[in-house]
Amino acid sequence: GGDGVPPPAKAGKTSKAAAKPAKRAAAGGRKRAAPSPASDDDFEDDEDEQEASEYEEEPSEDEKPAKKRGAGKSKPATADERDPWGLSGTKCAKDWRHMTAAPLEMFYWNRLVIDEFTYNKERDHVAIVSGVQAASRWVLSGTPDVSGFPAVAETANWLGLHLGSSDASELSKQERKEQSALERFQYFKEVHTPAWHAQRHAVAQDFLDRYVRQNVAEIDEIPWREQAALVALPPSERALYIELKNHLEALDMKNSHKTIKSKCKSENDREARLAQVLGGSASPEEALLKRCAHFDMVGSATSAAAACNAIVATRTKQLKLCSEEIERQTGYARDAIALFEATHPTAKLDPKQAELRGMPASHFRDWQTKEIADCGDDEATRRMVLLVKAGLARPKAKVALPPEEKSFKDKMAWVRDQVHLLRRLQKELTGRVRSLRFFEAVRSVQSGGELPGKAAGLPADSLGLLSCCGHAGPLAEMLEAADRQECPHPRCKAAARPGCVVRVSELGREAKSQAGGAFGAKLSAVAALITRVPAGERVLVFVQFADLLVKVQEALQAAGHKVALLKGTPNQRSATIEAFQQPELAPSQPRVLLLNLRDESAAGANLTAASHCVFLHPLLVGSQQEFDSCDTQAVGRVRRYGQARTVQIYRFVVDNTIDTDIFRARRADAAPMLEAACRADEAAPLP
């Protein structure tokens, strides 16, 4: 059953309707629903749509959109969807025991119990709620979400109840995508009053009062200790983290989810280069968290110093590709404008069209005569002037207007987008020049070299380095300029902030530091901690990301630890847990189990054979409720009935990184924990 929830009492006579909840459970504490205002993500989505709309042309009244192929046709069902039980096979026709799944839908059940319902996917929800019939339904969870009406309504859906419609701000991205034009207009038109929201809150609270009960797990007698382990990155790893953080900011990757709808031929090349920076991560924050844990998630570098050299080579190559793209796109934009004007002579256009006809050429002329003359960075400006000159000198290429652009207005917009792409490439080039300059300066300091310009000859403890542009100078001057959001270097227009000033003395010297090994300082510290855990005691290691789980497994195995990874089919997972839960630890059995923090593997399972719980990094989620829920579920694997030892919880945090930012934001007790934190390489079980 779910954590902290008593087993359901025997139901009495209930209605035959499958959508009705069961009778009330044994009396217990009642949950309270809290009002939930629109989340930050909802406002970000609105901004995304507004920004995208600025680059889209509205169709004229006499233009009808082309009919999409396959419109109205549903996606064909797979073999498993057509016959999930395997009834169509000849073996099953002879012997029913060859069925691949039990036909639960054929029966009317007295009671349906759904354990850990919050981890079920949407397809499971449809199959259970609509397919399986029962006189009474129970849903169990140790960490249900009662943060507001949408969360309570989702719980009610599992019981077959619909509490009411959602507000436009509460729809998920998938729900917004599935809306019809009429539904979108209706949500836009309808403005709900405070009384409407208050009524929904009352409905949600009434549902909780009637059907939801909770008990409190009486586990206070199970002793536990919790400590934070502070990781100090060696200079090479610190340089890699700072470089990635600076590179993401220089390329404005914090807004990378805002995709401008473009019809440009070369846009995919640019997006591919930007996606490469993330290294397979879904967001900049995820990429930074992984960089704190391991210095090279996608490459094959055997040390942080080698990864630094690889970074310089990679960034140099990306800068070269961006430069080549600017040169090529300059010639392409010139030829596209010429073709568009030749195809639509002024004599055949009305006054409005004649005015629009000159817009792409005007944009292109302003860009090459004014905008590239001041990129906000001397080096980037010099590069841009030479690249544009080379691009204009390229021979005319064969250009064709896209056949899908039918109207004059669409063709004009397509040609104009070629100039917009040049502006984005110019911004990308400036960011890449600055980030490469900064990283080269960092590595120069760490290898014993000197910084150029005003910083030449000054001691390291009196110097500051701007991560936003790579310029260095006296620390006091840098801090004063950063307060004004300026760079003191002439003609540099980088928007400096006090947080951009890196004290050169904190970068360290490579010769005086101890390398973090082949897997980095954090993973090496985790492996050392497990070595200090008494023999015979087992350890759980929680990681959020699948690719990082693989790196952790490799690091622990390289340190001589036997490791099991919870993955595969439900049967394979059950076998792994059963083997891990054996009372006696055999020499051939793993004593470390790796779990995914966001997966159902970290919830519901009884893993009391382990008494040590390691969190490799703070959990990256969108809300405090989700953070608390996942964290409670993870700790609940070991701190539960049946635990015979003192539970030891370790939270590894890299100092002065996104690790500490998330930890401080999500933990109310973060300040005292970090103040009392031990060094990660000295972490050990507390008495």
Side-chain angles (χ1 to χ4, degrees), residues 34 39-41 142-143 145 147 219-220 222-233 237-238 241-242 244-245 248 254 283-294 497-499 502-503 506 520-523 525-526 529 539-545 548 552 595-598 602-603 612-639 646-687:
S39 66
D40 293 340
D41 292 340
T143 53
D145 187 359
S147 57
I219 55 175
D220 293 338
I222 302 176
W224 64 289
R225 304 287 184 271
E226 184 178 28
Q227 60 178 309
L230 211 55
V231 181
L233 293 179
E237 290 188 54
R238 173 68 64 179
Y241 175 83
I242 294 175
L244 178 61
K245 181 175 180 290
L248 293 173
K254 288 189 175 181
S283 67
E285 292 79 11
E286 179 181 331
L288 289 172
L289 274 175
K290 291 177 181 176
R291 181 59 61 87
C292 288
H294 193 274
R497 302 182 304 276
V502 178
R503 298 175 185 270
E506 295 179 356
K522 182 184 271 193
L523 294 186
V526 172
L529 165 66
V539 183
L540 300 183
V541 179
F542 290 100
V543 185
Q544 183 174 351
F545 312 109
L548 186 55
V552 175
L595 298 172
N596 191 325
L597 263 173
R598 296 300 305 279
H612 298 265
C613 205
V614 177
F615 289 87
L616 185 68
H617 57 79
L619 183 64
L620 178 64
V621 289
S623 67
Q624 184 67 45
Q625 189 281 332
E626 192 174 1
F627 179 90
D628 294 338
S629 174
C630 292
D631 193 82
T632 301
Q633 288 280 9
V635 175
R637 300 315 96 227
V638 294
R639 192 166 183 253
T646 298
V647 174
Q648 301 276 354
I649 302 173
Y650 314 88
R651 300 185 183 273
F652 282 78
V653 180
V654 178
D655 193 21
N656 292 324
T657 64
I658 192 174
D659 271 11
T660 50
D661 293 341
I662 295 177
F663 194 73
R664 292 181 188 276
R666 296 301 187 192
R667 293 284 299 246
D669 58 347
M673 280 194 68
L674 292 176
E675 186 177 348
C678 65
R679 288 178 47 182
D681 55 355
E682 298 176 353
L686 294 174

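The first residue in the sequence is number 1, and the count goes up from there. Computed over heavy atoms, backbone and side chain alike; hydrogens, waters and symmetry mates excluded.
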Mind listing the closest non-hydrogen atom pair of [X] and [Y] along with its distance?
X    : Y    : result
A521 : V231 : CB-CG1, 4.1 Å
S283 : L620 : OG-CD2, 4.2 Å
A634 : C613 : O-SG, 4.3 Å
T660 : N656 : OG1-N, 3.7 Å
C292 : Y241 : SG-CE1, 3.5 Å

Practice prompt. Please report the C-alpha distance between V621 and S629 in whole Å, then the side-chain angles of each, then the deciding distance to 0.1 Å, and finally whether the side chain to side chain contact (heavy atoms under 4.5 Å, CB included) criterion is met.
Written response: CA-CA 11 Å; V621 289; S629 174; over 6 Å; no
Out of curiosity, [X] [atom1] to [Y] [atom2], how far, rounded to the nearest 0.5 Å?
X    : Y    : atom1 : atom2 : result
T657 : H617 : OG1   : NE2   : 12.0 Å
L619 : Q544 : CG    : CD    : 4.5 Å
W224 : L686 : CH2   : CG    : 11.5 Å
D220 : R639 : CG    : CZ    : 6.5 Å
L529 : Y650 : CG    : OH    : 5.0 Å
L540 : L595 : CG    : CG    : 5.5 Å

Worksheet entry | Backbone of V654 reached by a side-chain donor or acceptor of K522 within 3.5 Å |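 No, because the side chain of K522 does not come within donor-acceptor range (under 3.5 Å) of the backbone of V654.
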Worksheet item: When you measure from the side chain of T632 to the backbone N and O of D628, does any donor-acceptor pair fall under 3.5 Å?
Response: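 Yes.
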Fill in: Test log, rule side chain to side chain contact (heavy atoms under 4.5 Å, CB included), inputs C678 and Q227
CA-CA 8 Å; C678 65; Q227 60 178 309; 3.5 Å; yes
Worksheet item: Between R598 and E626, is the closest basic N to carboxylate O distance under 4.0 Å?
Response: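 Here E626 pairs with R598 in a salt bridge, since their nearest N and O are under 4.0 Å apart.
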Practice prompt. May I ask you to decide whether E226 forms a salt bridge with R667, counting only side-chain N to carboxylate O separations under 4.0 Å?
Written response: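 A salt bridge links E226 with R667.
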Discussion item. Would L289 and F545 count as a side chain to side chain contact (heavy atoms under 4.5 Å, CB included) here? Give the steps.
Written reply: CA-CA 10 Å; L289 274 175; F545 312 109; 4.2 Å; yes
State, yes or no, whether a side-chain contact exists between [X] and [Y] at a heavy-atom distance under 4.5 Å.
X    : Y    : answer
L288 : L248 : yes
E286 : K290 : yes
P685 : H612 : yes

Fill in: Audit row: I658, K245, side chain to side chain contact (heavy atoms under 4.5 Å, CB included) steps and yes/no
CA-CA 9 Å; I658 192 174; K245 181 175 180 290; over 6 Å; no
Worksheet item: Between D631 and R666, does a salt bridge (charged side-chain N to carboxylate O under 4.0 Å, His left out) hold up when you go through it step by step?
Response: CA-CA 11 Å; D631 193 82; R666 296 301 187 192; over 6 Å; no
Fill in: R651 to F615 six-membered ring, cation-pi geometry met (6.0 Å, 45°)
yes
Discussion item. Could you check whether atom CZ of R503 has more than 12 heavy atoms from other residues, nucleotides or ligands sitting under 6.0 Å from it?
Written reply: no
